[in-house]
Trainee: 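Before anything else, here's the structure in question.
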Number of protein chains: 2
Amino acid sequence: MALGERGGWDKSESRYCGVETDFNDDMPHLLSFNLSSGGFDFVVASLMDPNYRPSLMEKDIGGGSHVLPFAGSDLVLSPSQWSSHVVGKISSWIDLDSEDEILRTDSETTLKQEISWASHLSLQACLLPSPKGASCANYARCVNQILQSLNNMQLWLRIPLVKNDDDTTDFIPSGDSWELWNSFRLLCEHHSQLSVALDVLSSLPSANSLGRWLGEPVRAAIIHTDSFLTNARGYPCLSRRHQKLITGFLNHSIQVVISGKLNHGVPSVSLDSALDHTGTNVESSQRHSLRPYLDYIAYLYQRMDPLPEQERFELSYRDFLQSPLQGHNPLFHIISDEFCTIEFSNYYLSFQPLMDNLEAQTYETFEKDSVKYIQYQRAIGNALVDRVPDEEASSLTTVLMVVGAGRGPLVRASLQAAEETGRKLKIYAVEKNPNAVVTLHSLVRLEGWEKTVTIVSCDMRCWDAPEKADILVSELLGSFGDNELSPECLDGAQRFLKQDGISIPSSYTSFIQPVTASKLHNDVIPCLCAQVSPLEAISFSSKCALALQVKSHKDVVHFETAYVVKVHSVARLAPCEPVFTFTHPNFSTKKSNQRYKKLRFEIPSDTGSAMVHGFAGYFDAMLYKDVHLGIEPSTATPNMFSCCASSSVCFVESYFDTGLQIPAWFAIFFPLRTPVCIRPGSPLEVHFWRCCGSTKVWYEWCVASPNPSPVHNSNGRSYWVGL
Amino acid sequence: MALGERGGWDKSESRYCGVETDFNDDMPHLLSFNLSSGGFDFVVASLMDPNYRPSLMEKDIGGGSHVLPFAGSDLVLSPSQWSSHVVGKISSWIDLDSEDEILRTDSETTLKQEISWASHLSLQACLLPSPKGASCANYARCVNQILQSLNNMQLWLRIPLVKNDDDTTDFIPSGDSWELWNSFRLLCEHHSQLSVALDVLSSLPSANSLGRWLGEPVRAAIIHTDSFLTNARGYPCLSRRHQKLITGFLNHSIQVVISGKLNHGVPSVSLDSALDHTGTNVESSQRHSLRPYLDYIAYLYQRMDPLPEQERFELSYRDFLQSPLQGHNPLFHIISDEFCTIEFSNYYLSFQPLMDNLEAQTYETFEKDSVKYIQYQRAIGNALVDRVPDEEASSLTTVLMVVGAGRGPLVRASLQAAEETGRKLKIYAVEKNPNAVVTLHSLVRLEGWEKTVTIVSCDMRCWDAPEKADILVSELLGSFGDNELSPECLDGAQRFLKQDGISIPSSYTSFIQPVTASKLHNDVIPCLCAQVSPLEAISFSSKCALALQVKSHKDVVHFETAYVVKVHSVARLAPCEPVFTFTHPNFSTKKSNQRYKKLRFEIPSDTGSAMVHGFAGYFDAMLYKDVHLGIEPSTATPNMFSCCASSSVCFVESYFDTGLQIPAWFAIFFPLRTPVCIRPGSPLEVHFWRCCGSTKVWYEWCVASPNPSPVHNSNGRSYWVGL
């Protein structure tokens with residue numbers, strides 16, 4: 001019945017809530033009791049009699065005529081019931097790393113029998129019991145074997161959500177259950193069908209430590225009834241920290257499963273009054289004892305803030321890697337400045353892959369909604385006032401050139417700034433794309449701007465400007481600032497700018513931070529975005545058969561490419577650090593747009609160890625003086641996105657909120673070919689280069705410490721932007 | 001003129017000795033002085049005036065008409081002189097990781113200019129100066145860019161041979177120059193053209209620490225004149241430890257380069273009496289001051305023990321990976337027991353890839369030389385005496401079956417054992433290979449064994465034996481013991497063995513040890529040994545263009561395959577540990593040939609950190625009671641190979657000797673897809689599995705600690721042996 005309605009747009013898995021059950025060989029009853037009476041959407045049910053041991057069976061019965069004691073066949077429930085409503089729970093007694101060889105062998109046999117049976121039933125997922133000790137190599141080896149030939153089923157490895165800073169238990173190395181998961185997944189080579197089910201217990205680790213899991217493939221959170229508190233009216237409820245955690249999970253498509261016994265003296269009156277909306281026969285004697293817990297989770301779900309329109313629109317872009325369209329493939333090698341687009345197979349590949357792939361209406365929505373042009377307008381207004389004193393406002397005309405005018409938003413912003421400040425303006429709107437020029441012409445006609453605005457349908461590099469500009473306005477920035485060659489373009493356009501002229505933006509800086517991003521890591525596959533639309537590509541990328549094939553190919557090229565992506569299921573492990581800064585205009589004689597930066601990241605001591613799959617990149621631009629525009633989380637443009645806390649301590653925590661921490665302008669993702677594990681106290685040292693050749697610009701990057709990685713993208717062999 | 005003659009068989013690079021020179025723009029003189037007067041084979045000479053700085057040049061001369069101040073053009077020396085006698089020394093002032101941006105930029109420009117010039121001259125190698133500080137990322141990034149498009153030239157990174165246990169200098173992280181090299185090569189991704197030139201100084205690190213370098217791609221040892229002592233007669237000589245080190249280098253194809261000034265008051269009489277054997281005009285005033293050092297190195301070289309015949313024969317097999325012929329490729333999938341060979345494309349692919357590819361004469365040499373059959377004879381003799389008391393020697397006849405008789409060596413050993421012990425014998429020689437059976441028949445006829453020996457030309461699995469055996473003799477062991485399915489074969493043959501019968505061998509155990517083996521790591525490429533002979537394959541594998549192409553393909557399959565290899569240039573980082581043991585006969589009811597072993601290796605604390613590229617594997621077999629046969633270095637069969645010291649402290653040291661530490665029976669090499677760096681105090685935990693399916697047997701392996709690796713060869717996907 002799902003947790004409730006949130007306007008119909010929430011299609012994520014987290015709408016559904018499950019319940020963990022004991023072994024029961026009457027599966028039809030188990031299912032109807034938990035679904036109809038309980039209100040749950042699915043059961044996590046043992047598939048095999050827990051008393052079964054292969055070594056005992058063989059002694060009892062010879063000849064192989066025995067039947068394995070499974071909970072129920074595919075005749076007692078229909079295939080669709082099995083696959084929609086049952087997650088298979090693998091026998092919890094299995095221990096593949098036991099010193100006892102018989103137990104070890106029995107465990108391996110049983111594990112394989114149960115997974116094979118679950119595949120036969122077409123279950124969507126099986127829950128694997130937690131490793132029993134610190135060593136899990138044999139368990140991982142066996143699961144890895146299974147994964148090599150598994151159908152589409154997911155395997156959820158159960159991991160208790162535990163991190164003891166002081167205690168090193170026998171069970172968990174360094175007291176941190178993340179280490180156990182990390183070992184297991186490394187042994188299984190980041191297999192995309194291996195994921196995590198977290199056991200949420202009554203005490204929770206630190207927020208930074210919890211934050212790591214958002215970048216891991218967590219599919220389910222199993223909440224134990226003894227983790228619930230009791231409210232004044234006798235009902236179960238959760239602590240504030242638990243609430244925050246669960247809300248964060250629900251916001252990251254993580255399903256909740258209730259486990260345990262009724263622990264709360266819920267008043268019987270309330271129990272009776274709980275209506276059953278499914279309409280099936282419910283015997284009140286069979287009223288499900290865990291219903292109050294489900295009701296509480298549903299309450300949390302329904303209480304979550306609805307997502308704003310833009311965020312809802314972008315839901316399907318969450319964590320979807322978009323290939324940068326320049327340089328990736330020689331066939332698509334394009335001249336990539338604001339003024340140039342090249343036609344290729346009926347697609348205009350310009351420097352804003354996402355926006356150009358959107359339909360016209362969406363384009364318009366973006367243009368209207370965005371606070372970007374308000375910032376430009378403020379910056380232009382301030383520049384006009386600085387340049388022209390009030391007393392000369394009516395006599396002096398400022399020459400402003402919009403470099404890459406597109407459909408005209410910056411022309412409009414400039415005119416509004418002039419009106420606001422009472423300054424006189426002459427505008428040249430330079431645009432190479434002939435389609436955009438058509439739009440520009442009708443815009444000028446419609447708005448009656450003919451006297452003020454001159455449209456120049458020309459490649460800026462060939463344009464013989466009739467006069468020099470006071471102000472040069474451009475929006476050439478990519479997610480990583482300079483990654484769409486704004487420095488090179490503005491250096492070129494500078495010859496039209498007066499010696500004391502102003503460039504808007506006047507400077508910009510790129511930023512990176514290390515992230516855990518297992519989904520992005522697994523999705524680094526050949527992007528065919530130029531041939532399929534982003535939405536098609538989403539379903540395309542979900543075809544795991546292809547992904548597996550490509551992954552096994554270990555294509556270096558795709559791990560040396562930066563991707564535009566709306567990062568959502570990532571853990572941000574340390575605050576951003578600035579990378580490269582460019583300032584305009586730049587009249588220095590020996591100017592170079594090559595850059596080299598060494599960066600150090602410290603991860604907070606209470607985080608524990610974490611896996612770095614790559615770096616999220618952002619930019620911040622100074623448009624003019626104090627007017628800035630940017631997506632760097634700690635300083636993202638106000639009013640446009642809610643700001644993240646910038647302190648190093650709580651930056652992870654803030655991502656458990658369900659608001660709009662993630663800027664609408666997508667980030668960039670620089671992957672690492674081999675993810676790097678970092679530990680508190682051992683800083684992560686990273687080097688980034690911006691290299692310029694005679695025909696192209698590219699980045700190289702590497703990790704130097706704690707363990708050196710290869711230098712990625714040497715000579716721009718995998719990814720570059722053509723000059 | 002080379003260091004001298006060692007019977008003409010030493011074709012390695014280490015015969016040639018070089019000298020480091022200062023910048024001199026009279027290259028013809030420099031060359032003739034050092035080669036003709038000095039007796040050196042090559043010079044390591046600066047290519048560029050050390051006063052050159054690009055940033056100064058640009059200020060001085062505009063327009064680009066200036067000529068770079070190189071030492072000499074390709075007209076003053078012939079191309080063959082340049083390439084045969086000059087190693088280019090890159091300007092030692094360059095510092096790509098300086099905080100000074102001008103110096104950094106000048107360094108990058110100069111480095112690229114000099115390498116480009118050296119490529120133009122077709123030099124074989126360039127010597128890169130040591131990194132100036134602990135940080136070398138920008139230097140490595142630039143060298144890595146150069147390596148991407150370099151011709152066949154080698155780049156030798158100069159590294160001082162320093163390891164201070166206490167001092168952590170600014171220059172070298174953790175006081176260990178190996179760390180510097182390790183960072184550099186990781187950043188350059190183990191590029192096969194990047195190697196090491198070690199600066200040998202007057203004080204040497206510990207033997208274990210030195211031992212690491214034998215597995216690294218060291219091409220040259222630069223010995224400074226102030227590392228030499230002065231002997232009683234005033235001549236330069238080296239300490240015992242230095243002598244051992246240099247001898248070890250010479251034995252590993254590492255060239256010596258002399259560097260520095262004359263530091264020793266060599267008597268002038270001796271200098272005059274030093275004859276010049278080149279016969280060219282030598283002015284005595286130009287007598288080379290470093291000649292006494294060269295003479296001493298030549299003395300060390302000539303004093304080295306000559307290699308025994310077998311070792312010389314095997315020289316070309318050193319560090320040459322041979323693909324196991326079973327299971328590697330589905331086309332070559334063969335039934336791999338002693339009794340079966342399958343014809344494929346005119347090649348008999350049997351279980352001893354090396355021996356079967358040898359010519360008949362070599363085969364015979366092996367059969368005669370090997371102490372293996374003496375050990376078998378001893379074992380059979382002891383078994384006969386145990387089985388038949390002296391008083392029944394003339395009445396009781398022992399039934400002995402040779403399983404896989406081949407050309408008959410075990411039949412001969414059995415008959416000799418019977419004669420020696422005065423026991424009566426009846427032999428069944430079972431062999432499937434019809435060609436070998438032909439040889440067997442003529443052998444029996446020639447030797448007059450017709451009454452004792454019955455030849456059975458039959459697949460053992462179909463043979464209906466007329467009686468049961470007292471003793472079952474076989475030689476089914478591979479380099480890793482059970483890797484050629486001896487357990488499965490002997491389990492099958494056991495039905496012919498009496499309940500109290502004896503199997504020779506009675507048990508065998510495999511062993512592994514972690515090794516640094518950069519050459520093997522770089523050579524893990526598709527082996528086409530089934531289509532080319534090993535000797536052809538050697539030249540084949542040297543085609544680095546192919547190797548690079550394949551390496552960039554990162555083919556998982558080849559990194560999940562075990563190779564037969566005569567390991568030579570490897571560093572053995574810890575003593576061997578036993579892996580799997582099999583015992584015969586095995587009458588247990590629930591027998592399984594699956595095995596699982598967890599191993600821990602501690603590296604000696606004075607070694608420092610080291611890189612593990614994989615594991616060298618060996619076996620040891622108990623033939624009968626105390627008669628054993630094996631290649632595990634610490635217990636390798638006496639008289640056959642000189643033994644290695646088995647103590648954990650000096651096992652590396654022993655490899656600096658030039659004797660016969662390396663067993664003639666080749667080892668097996670299990671690679672790691674990604675090499676693992678280990679540090680003293682953090683044990684290396686390794687897991688090995690022997691897995692048995694219905695149609696094949698395979699190994700899986702992984703590292704669990706310090707950092708988990710993927711489980712290699714899951715389900716035998718890359719490498720298996722067919723049943």
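When reading the values below, keep in mind they use all heavy atoms of this one structure, side chains included, and skip hydrogens, waters and symmetry mates. Numbered from 1 within each chain, the chains take letters A, B, ... in sequence-line order.
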Trainee: Which one, Gln145(B), His712(B), His687(B), leads in non-hydrogen pairs under 4.5 Å with chain A?
Mentor: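 Ranked by heavy-atom pairs under 4.5 Å with chain A, first place is Gln145(B).
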Trainee: Keeping Ser107(B) on the side-chain end and Asp95(B) on the backbone end, is there a donor-acceptor pair under 3.5 Å?
Mentor: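 Yes, because the side chain of Ser107(B) sits within donor-acceptor range (under 3.5 Å) of the backbone of Asp95(B).
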Trainee: Would you check, one step at a time, whether the test side-chain contact (heavy atoms from CB on, under 4.5 Å) holds for Lys598(A) with Ser135(B)?
Mentor: CA-CA 10 Å; Lys598(A) 178 156 84 175; Ser135(B) 185; 3.5 Å; yes
Trainee: So for Asn713(A), is it side chain, backbone, both, or neither that comes closer than 4.5 Å to the heavy atoms of chain B?
Mentor: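 Contact with chain B: none, neither part.
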Trainee: Given that the side chain runs from C-beta out, which part of Cys691(A) has a heavy atom under 4.5 Å from chain B: side chain, backbone, both or neither?
Mentor: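 The side chain, not the backbone.
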Trainee: Under 4.0 Å between a side-chain nitrogen and a carboxylate oxygen: does that hold for Glu108(B) and Lys112(B)?
Mentor: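 Yes, Glu108(B) and Lys112(B) are salt-bridged.
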Trainee: Just so I understand: if I count every heavy-atom pair under 4.5 Å between each of Ile146(B), Asn144(B), Thr674(B), Leu186(B) and chain A, which residue has the most?
Mentor: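 Highest number of heavy-atom pairs under 4.5 Å: Leu186(B).
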Trainee: Can you pull out the residues in residues 699-706 of chain A with any heavy atom less than 4.5 Å from chain B?
Mentor: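 Only Glu700(A), Cys702(A), Val703(A) of residues 699-706 of chain A have a heavy atom under 4.5 Å from chain B.
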Trainee: Under 4.0 Å between a Lys/Arg side-chain N and an Asp/Glu carboxylate O for Glu216(B) and Arg185(B)?
Mentor: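 Result for this pair is yes, salt bridge flagged.
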Trainee: Given heavy-atom pairs under 4.5 angstrom as the criterion, report whether the side chain, backbone, both or neither of Glu685(A) touches chain B.
Mentor: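 Only the side chain of Glu685(A) comes within 4.5 Å of chain B.
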Trainee: Under 4.5 Å, counting heavy-atom pairs only, tell me which of Glu101(A), Arg717(A), Gln594(A) racks up the most with chain B.
Mentor: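 Most heavy-atom pairs within the cutoff with chain B belong to Arg717(A).
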Trainee: Could you tell me whether a side-chain N or O of Lys597(A) sits under 3.5 Å from a main-chain N or O of Arg690(A), the two making a donor and an acceptor?
Mentor: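 The answer is no, because no donor-acceptor pair under 3.5 Å joins these two groups.
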Trainee: Please determine which of Tyr719(A), Phe615(A), Phe688(A) meets the ring-ring contact (aromatic ring centres under 6.0 Å, His included) test together with Phe670(A).
Mentor: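 The single option meeting the ring-ring contact (aromatic ring centres under 6.0 Å, His included) with Phe670(A) is Phe688(A).
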Trainee: Pick from Gly716(A), Ala137(A), Cys136(A): which one has the most heavy-atom pairs with chain B under 4.5 Å?
Mentor: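 Winner by heavy-atom pair count: Ala137(A).
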Trainee: For Phe184(A), enumerate each residue passing the ring pair (Phe, Tyr, Trp, His ring centres under 6.0 Å) test, keeping only those at least two apart in sequence or located in another chain.
Mentor: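 Testing Phe184(A) for ring pair (Phe, Tyr, Trp, His ring centres under 6.0 Å), a comparison that skips the adjacent residues, returns Tyr139(A).
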Trainee: So, the side chain of Thr561(B) versus the backbone of Val557(B): is there a donor-acceptor pair under 3.5 Å, distance only?
Mentor: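 Such a contact is found between Thr561(B) side chain and Val557(B) backbone.
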Trainee: Any side-chain donor paired with an acceptor under 3.5 Å for Asn138(B) and Arg141(B)?
Mentor: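 Judged by distance alone, the side chains do pair up.
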